[in-house]
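The structure appears right after this line, and notes come after that.
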Number of protein chains: 2
Amino acid sequence: MARLTGRNTGTAPRSIDVARLAGVSQKTVSRVMNGEQYVSDDVRRRVLEAADALGYRLNHAARALASGRTQTIGVVTLGTALYGPASLLMGVERAVRDTGYALRVVNTMEGDAAGIAGAVDSLLDQGVDGIVISEPIDEEGGANLSVRVDVPVLILGAPPPFAASRVVTAGLVSHQLAQAVTEHLLELGHTTVHHLAGPQRWYAARDRLEGWRATLAAHGRREPPVIEGDWSAASGYAAGRRLAADDSVTAVFAANDDMAIGLIRALLEVGRRVPEDISVVGLDDIPVAAYVTPPLTTVRQPFDATAQDGLKLLVHAIENPDADPVPVDNPPVNLVVRESTAPPPNRTTPERRRTTD
Amino acid sequence: MARLTGRNTGTAPRSIDVARLAGVSQKTVSRVMNGEQYVSDDVRRRVLEAADALGYRLNHAARALASGRTQTIGVVTLGTALYGPASLLMGVERAVRDTGYALRVVNTMEGDAAGIAGAVDSLLDQGVDGIVISEPIDEEGGANLSVRVDVPVLILGAPPPFAASRVVTAGLVSHQLAQAVTEHLLELGHTTVHHLAGPQRWYAARDRLEGWRATLAAHGRREPPVIEGDWSAASGYAAGRRLAADDSVTAVFAANDDMAIGLIRALLEVGRRVPEDISVVGLDDIPVAAYVTPPLTTVRQPFDATAQDGLKLLVHAIENPDADPVPVDNPPVNLVVRESTAPPPNRTTPERRRTTD
DNA sequence: CTGAAAGCGCTAACAC
DNA sequence: GTGTTAGCGCTTTCAG
């Protein structure tokens, strides 16, 4: 194809076109577009006007090729609409937006053989300056990432599962959330607290379990057997059926709200009242939590704060390859006490209280 | 497993390195990497082996620059973890994955001045071969996209709000979903059905309202005044308070499950039973819908099917610039009848009206 | 402060 | 079937 140096019919304008119109060199256009210093205000204005007149749009592919930087961050998520992961993803998008980077997304399905390693690999393949791994789960020891990753990595909601050149983390708060829940229940007077855990391949699920366990131990309470669910309301329902059969259960901490809701449903179906007979607490504070019956006591997860803090670290690591990671504070724990928790029933003198809701 | 040695450390293997190792020309490597024809099996194997040995990774930026195609699709979503939009996004990711394209994501916040146009613009800026707009909302007539869009666009869940060179749509089923719900309620014997609509800036909300309205009209029923919510359980709750004051209400169709749940909560609080006094239906079939009290009757949205169908169209449009768009079938409507719907209560006065239909 | 030259790693067109 | 020759549109030296 011949050089279309003079005309650009149907072709997007290039920086050289802008340069000609503004009467400067192409390099100067580049300087202006990148907001570099050492450009006189007059030249800058002329370039900007010319660019605007032409409808100039910087070609990112060319920039990436020449500079080796893509100005995009890749995120690996679970391919699920679960409230937690979805909220985190949205938080990440917002946070990335603020940093001026673009966002690429790749999902890992649960049970995906390639798992996180495959997703990271494909991101590296597409070209990203940094990677966010959101809520990783261990897929068959998939934690060992055999890919060499030489861009900074942010792990959200789990400690570094593998060694990469520069890894930062954020959102390691499940432990505290679980502690807050457990203590709330203990303070109400419950002798102990049962736990309906999330799938243990998830770090978040393990961390919540540990937080619960540690809190119980700290208060010298007996640790009841753990029931493991899969985050779904259906699994909560199944767990509720089992728990309802045990008269000693007076308080249950479900690792997320969906399971808590399923659990409550099962309890109600067999005639156990919540919270009069059994208190139930969830975790997440999903949008409907305040409107189920009874309104659910739960802890809110700080998704946006986590995403923002994490991205700040990641971008810092990208742009300052040699600097040390700056630690961020953990966001405050936000326990939302509603009506699914109450003191344990008085066994000797059952309180007969009528509630219409 | 691939290894990455460093993007511009001078050590990143390029196609020419692979070519040298395999003893072929660089162009041949390119042919092999792109799966082109006319490469002997022997050469292909040698190239692949050399690439693997070197840990070669194709440079997408260079490819994009040279070919003008990015092999990525951009998606514009609402920056919300609402079940509907989040599910659609996940569906899109999965579908995009299957097509071999990569995915870029940009959010539009509600109330964002730049709105969809800005998001599309930024996507165009980053370089994409096609664009998916998921559940657009009208932001102050933001429908007029002043940007020139010269890549195919897929609109999910709404008709084309603007003129672009090639626009395809999918997921226009809200109307039918609303119809299914309304008819279900009518068939149970309700004289009419009230509607708690979604925010009318959303096409999905308008379409549901239209579906409900048309169905009522088709059955010759009176159309009660519409209450508008904002998708949230809180707005459903507020609507429930108002509706509960009206004795004539026996059936309500809420435009999504969250609002339905809030609505039910409000009804229960003032002593109106669901479904004995009032039937309530939602829309979405969120994960907890089956476990709230009472279990919610709702219609499931075909997110995955919509995303897949839509992406098929989009990719077709991308790869066949001149072909006509192929229409796809609408997925079947999936009404899930649970326990929040029942025949209307028996009035003390049998003012039962005969309907001939 | 500004400009000229030299690629970044790949694909496209056309030879062979 | 395979190689050769040009660029894609930008950023990078390095001059002035």
Side-chain angles (χ1 to χ4, degrees), chain A residues 1-5 8 10-47 50-51 54-72 124-127 129, chain B residues 4-47 50-51 54-72 124-127 129:
Chain A
M1 173 145 312
R3 282 184 91 125
L4 310 168
T5 325
N8 36 355
T11 325
R14 298 152 300 165
S15 61
I16 187 113
D17 299 320
V18 176
R20 269 197 279 266
L21 185 63
V24 297
S25 79
Q26 186 264 342
K27 172 62 212 181
T28 296
V29 174
S30 170
R31 284 203 178 89
V32 172
M33 297 321 284
N34 288 294
E36 285 174 29
Q37 292 181 315
Y38 305 127
V39 179
S40 69
D41 286 353
D42 179 55
V43 167
R44 185 182 299 277
R45 209 197 58 250
R46 261 168 39 222
V47 168
L54 258 32
Y56 172 69
R57 205 183 271 277
L58 188 147
N59 182 321
H60 285 248
R63 184 231 278 284
L65 177 56
S67 70
R69 306 222 1 258
T70 58
Q71 293 282 48
T72 108
L124 251 20
D125 216 89
Q126 296 166 31
D129 293 341
Chain B
L4 183 67
T5 330
R7 269 199 114 53
N8 19 308
T9 52
T11 28
R14 296 153 302 167
S15 61
I16 186 112
D17 299 321
V18 175
R20 270 197 278 266
L21 185 64
V24 298
S25 79
Q26 186 265 342
K27 173 63 212 183
T28 297
V29 173
S30 171
R31 284 205 177 89
V32 172
M33 296 324 282
N34 287 293
E36 284 173 31
Q37 293 181 318
Y38 305 126
V39 179
S40 70
D41 287 352
D42 179 53
V43 166
R44 184 180 301 276
R45 210 198 53 250
R46 259 163 45 216
V47 168
L54 257 31
Y56 171 69
R57 206 182 271 276
L58 188 146
N59 182 319
H60 285 248
R63 184 230 278 282
L65 178 56
S67 69
R69 307 216 7 257
T70 58
Q71 292 282 49
T72 109
L124 250 21
D125 216 89
Q126 295 166 31
D129 293 342

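Given the structure is predicted, the values throughout are model-derived calculations rather than measurements. So you know, we letter chains A, B, ... as the sequences are listed, proteins then strands, and number each from 1.
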Problem set entry | Atom pair distance, as rounded to whole Å: CD in B:Gln71 and P in C:dC10 | 15 Å
For this session: Answer yes or no: is there a side-chain heavy-atom contact under 4.5 Å between A:Leu58 and A:Arg63?
Result: yes
Seminar exercise, completed: Read 5' to 3' with Watson-Crick or G-U pairs under 3.5 Å, [ ] for crossing pairs and | for partners on another strand, DNA chain D gives ||||.|||||||||||
Exercise. Once each nucleotide of nucleotides 3-8 of chain C is scored for protein heavy atoms under 4.0 Å, what B/S/- sequence comes out, 5' to 3'?
Worked result: BB--BB
Exercise. Counting only non-hydrogen atoms, which of residues 32-43 of chain A are less than 4.0 Å from DNA chain D?
Worked result: A:Asn34
Exercise. Is any side-chain heavy atom of A:Thr72 less than 4.5 Å from a side-chain heavy atom of B:Gln126?
Worked result: no
Exercise. Which atom names give the shortest non-hydrogen contact between B:Val47 and B:Val18, and what distance separates them?
Worked result: O-CG1, 3.8 Å
Exercise. How close or far is atom C1' of C:dC10 from atom NE2 of A:His60, stated in whole angstroms?
Worked result: 19 Å
Problem set entry | Distance (rounded to the nearest 0.5 Å) between B:Ile16 CD1 and B:Lys27 NZ | 13.0 Å
Problem set entry | Between CZ on residue B:Arg14 and CG on residue B:Leu54, distance to nearest 0.5 Å | 10.5 Å
Exercise. Given atom CZ of B:Arg46 and atom P of D:dG1, what is their separation to the nearest angstrom?
Worked result: 15 Å
Problem set entry | Contact check, side chains of B:His60 and A:Thr70, non-hydrogen atoms, under 4.5 Å | no
For this session: Considering only NZ, NE, NH1 and NH2 on the basic side and carboxylate oxygens on the acidic side, decide whether B:Asp41 and B:Arg45 come within less than 4.0 Å.
Result: no
Problem set entry | Interatomic distance where CG belongs to A:Leu58 and C1' belongs to D:dC10 [whole Å] | 7 Å
For this session: Using only side-chain N and O atoms of A:Ser30, determine if any of them is under 4.0 Å from OP1 or OP2 of D:dT11.
Result: yes
Problem set entry | Distance in Å, A:Ser15 OG paired with A:Arg57 CZ, rounded so as to fall on 0.5 Å steps | 15.0 Å
Exercise. Got a second to check how far B:Glu36's CD is from B:Arg44's CZ, nearest 0.5 Å?
Worked result: 9.0 Å
Problem set entry | Length of the CZ-P vector between A:Arg63 and C:dC10, whole Å | 20 Å
Seminar exercise, completed: For B:Pro13 and B:Gly55, the nearest pair of non-hydrogen atoms, with its separation, is CG-O, 3.8 Å
Exercise. Any idea which heavy atoms bring A:Ala50 and A:Ala22 closest together, and the distance?
Worked result: CB-CB, 3.9 Å
